[in-house]
Number of protein chains: 2
Amino acid sequence: MSQTVDRALSILPLLAQGPADLGQVAERLGVHKSTALRLLRTLHEHGLVYRQQDQRYRLGARLFALAQEAVENLDVREIAHPHLVALNERCGHTVHLAVYEENEVLYIDKVESRYPVRMYSRIGKPVAITVAAVAKLLLADLPEADRRALAERLDFPMYTPRSTPNAAAFLKELATVREQGWATDLGGHEESINCVGAPIRGADGRVVAAMSVSAPNVVVTAEELLSLLPLVRRTADAITREYSGSSPGRHHTPSEDSA
Amino acid sequence: MSQTVDRALSILPLLAQGPADLGQVAERLGVHKSTALRLLRTLHEHGLVYRQQDQRYRLGARLFALAQEAVENLDVREIAHPHLVALNERCGHTVHLAVYEENEVLYIDKVESRYPVRMYSRIGKPVAITVAAVAKLLLADLPEADRRALAERLDFPMYTPRSTPNAAAFLKELATVREQGWATDLGGHEESINCVGAPIRGADGRVVAAMSVSAPNVVVTAEELLSLLPLVRRTADAITREYSGSSPGRHHTPSEDSA
DNA sequence: CGTGCAGTTGCATCATGTGCAACGGTCATT
DNA sequence: AATGACCGTTGCACATGATGCAACTGCACG
């Protein structure tokens, strides 16, 4: 909507692919060098872009700062974290928390076995949206039309023989997940890794986040992992209760909304 | 330099503090609501900003994607990583890799004991620039004038009684580090954590990154950790050799540059 | 010593971003 | 129920501010 800003922001993904000099930026943007220069300077002032010794530009540090601050401030994450830690202490496995946003699913917290290490290593990276338990949970809650539209648009990479193969199977899986209120990923992403997950809901009943417990085959069998399901669901429900109950001050009104 | 872009980008740190609605954004930007709307829409189209159900805006997922891609593409990181892993396998402790940029020091890689987990949990967060071993290494290499100017500008929080107390002590410490070619942090940030670090240099001899090994008191004493210094230095030197030698294709000319 | 290339600057033009005022929807008040 | 306040949204006329050009600089290379 705003040409100048639009052009400036287009520079970011361009630089994400690797450093580029002024000429390259101008060319790939389709603008005059002087224009590109001014845009880059503005980005630079805000720290989003950094100029290395060879004069080429690359993405800057402030970007990390922003991403960091953003994730720190997510209400759900804050509320959920202690619950995730507690769950991890009881079962010992890796615990994930994820949200859905604009056709992407991303992890916003993770508790690793033993160490309570928040690791954002996969943030931003395309999560295996067609197979991950948390992805199924988040997508299952979308209105049917959206689910259908999304399924059509997706690729279905066969990470393993047990990966979701196509849109039809995916939609069926989502329907199941939607009905039963929990989800699994049994070797669909990595042959030897299984997950069980449950949804976290807002005051209006809609799924706002999803959590899962993951463990490799060699530690516990899929059956053993599934036996944790009640515990996982109880944890998710506890988070749901706290989240939908305690934050009426944050949201304008915790009621309405339909779309 | 470009007013429109400048305003748009100013929205990001604003939203990093927490979600805000249109009115708040417009007010804090000092522009008309309709202007703020158009800027937000543009940011939204690029995924940098997300609109939650209550219509308020917060930072978007693409931000993480960009930060992620950016860090993935850092040459030093790529080259250093296997060396860091090898070092970790030999000594078992946590290994960090950091760079300096625009008055900030940030971690770009980390190898945790046992697990080769890349953890960006501290990326973007103000690293304890006055005490961390890697920070000292990176800052020690700046031209003296810059060091002095920076030291004046800094705060010197006393994380522990052993933290660097003031600018004078800091500059002295940097001089020492500069001369000896390695640095430590003995309980200066967390009472029980010690670190030893060494610099990684580019072809021109300037410090481009720094690495360190950290371990808690309870596992190894400071003396024991210091005994790892030769190993740490050898690792850093190995990275230096590979980095300054092998990448003549990436940089225009691996020679010149002085500023 | 000249040629070519990349980054930078100043400037005239007009495209673009701007603020205003008016509309529509939702919620709170009387 | 009806009223009023508030917030997001739209269309528009104006002039601010972004654009591309051309000329200048500094550097590297032949």
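Sequence lines set the chain letters: A, B, ... in the order given, protein chains first and strands last, and positions in each chain run from 1.
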*Please check if the distance between the ring centroids of A:Tyr57 and A:Tyr50 is under 6.0 Å.*
no
*When the distance from CD of A:Gln53 to C1' of D:dC27 is rounded to whole Å, what number comes out?*
18 Å
*Can you tell me how far C1' of D:dG17 sits from CZ of B:Arg7, to the nearest Å?*
10 Å
_Distance, rounded to the nearest Å, where B:Asp54 contributes CG and C:dC27 contributes C1'_ = 15 Å
*asked:* Let me spell it out: for each of B:Gly23 and B:Ser2, pick the nucleotide of DNA chain D with the closest heavy atom. Which residue's pick is nearer the 5' end?
replied: B:Gly23
*So which one's nearest nucleotide on DNA chain D is more toward 5', B:Lys33 or A:Leu39?*
B:Lys33
*Does OP1 or OP2 of C:dT9 have a side-chain N or O of A:Arg41 closer than 4.0 Å?*
yes
_The side chain of A:Thr4 is closest to which nucleotide in this list: D:dG8, C:dG17, C:dT8?_
C:dG17
_Whether B:Thr35 contacts C:dG17 is assessed here as follows: a side-chain N or O lying under 4.0 Å from the phosphate OP1 or OP2. Is that the case?_
no
*Would you call B:Lys33 and B:Glu27 a salt bridge, taking side-chain N to carboxylate O under 4.0 Å as the test?*
no
*Value in whole Å for how far the C1' atom of D:dG8 lies from CG of B:Leu37*: 7 Å
*With side chains defined as the heavy atoms from C-beta onward, is the minimum distance between A:Arg206 and A:Asp141 less than 4.5 Å?*
yes
*asked:* Tell me the interatomic distance from B:Gln55, atom CD, to D:dC7, atom P, rounded to whole angstroms.
replied: 12 Å
*So, are B:Arg41 and B:Glu45 salt-bridged, with charged N and O less than 4.0 Å apart?*
no
*Expressed in angstrom and rounded to an integer, what is the separation of B:Arg38 atom CZ from C:dG19 atom P?*
9 Å
*A:Glu27 has an atom CD; how far is it from atom C1' of D:dG20, in whole Å?*
17 Å
*Which part of the nucleic acid, if any, lies within contact of B:Ser34, taking any heavy atom under 4.0 Å across all strands shown: a base, the sugar-phosphate backbone alone, or nothing?*
base
*Atom NE2 of A:His32 to atom C1' of C:dA6: distance rounded to whole Å?*
12 Å
*Basic-acidic side-chain contact under 4.0 Å: B:Glu101, A:Arg58*: yes
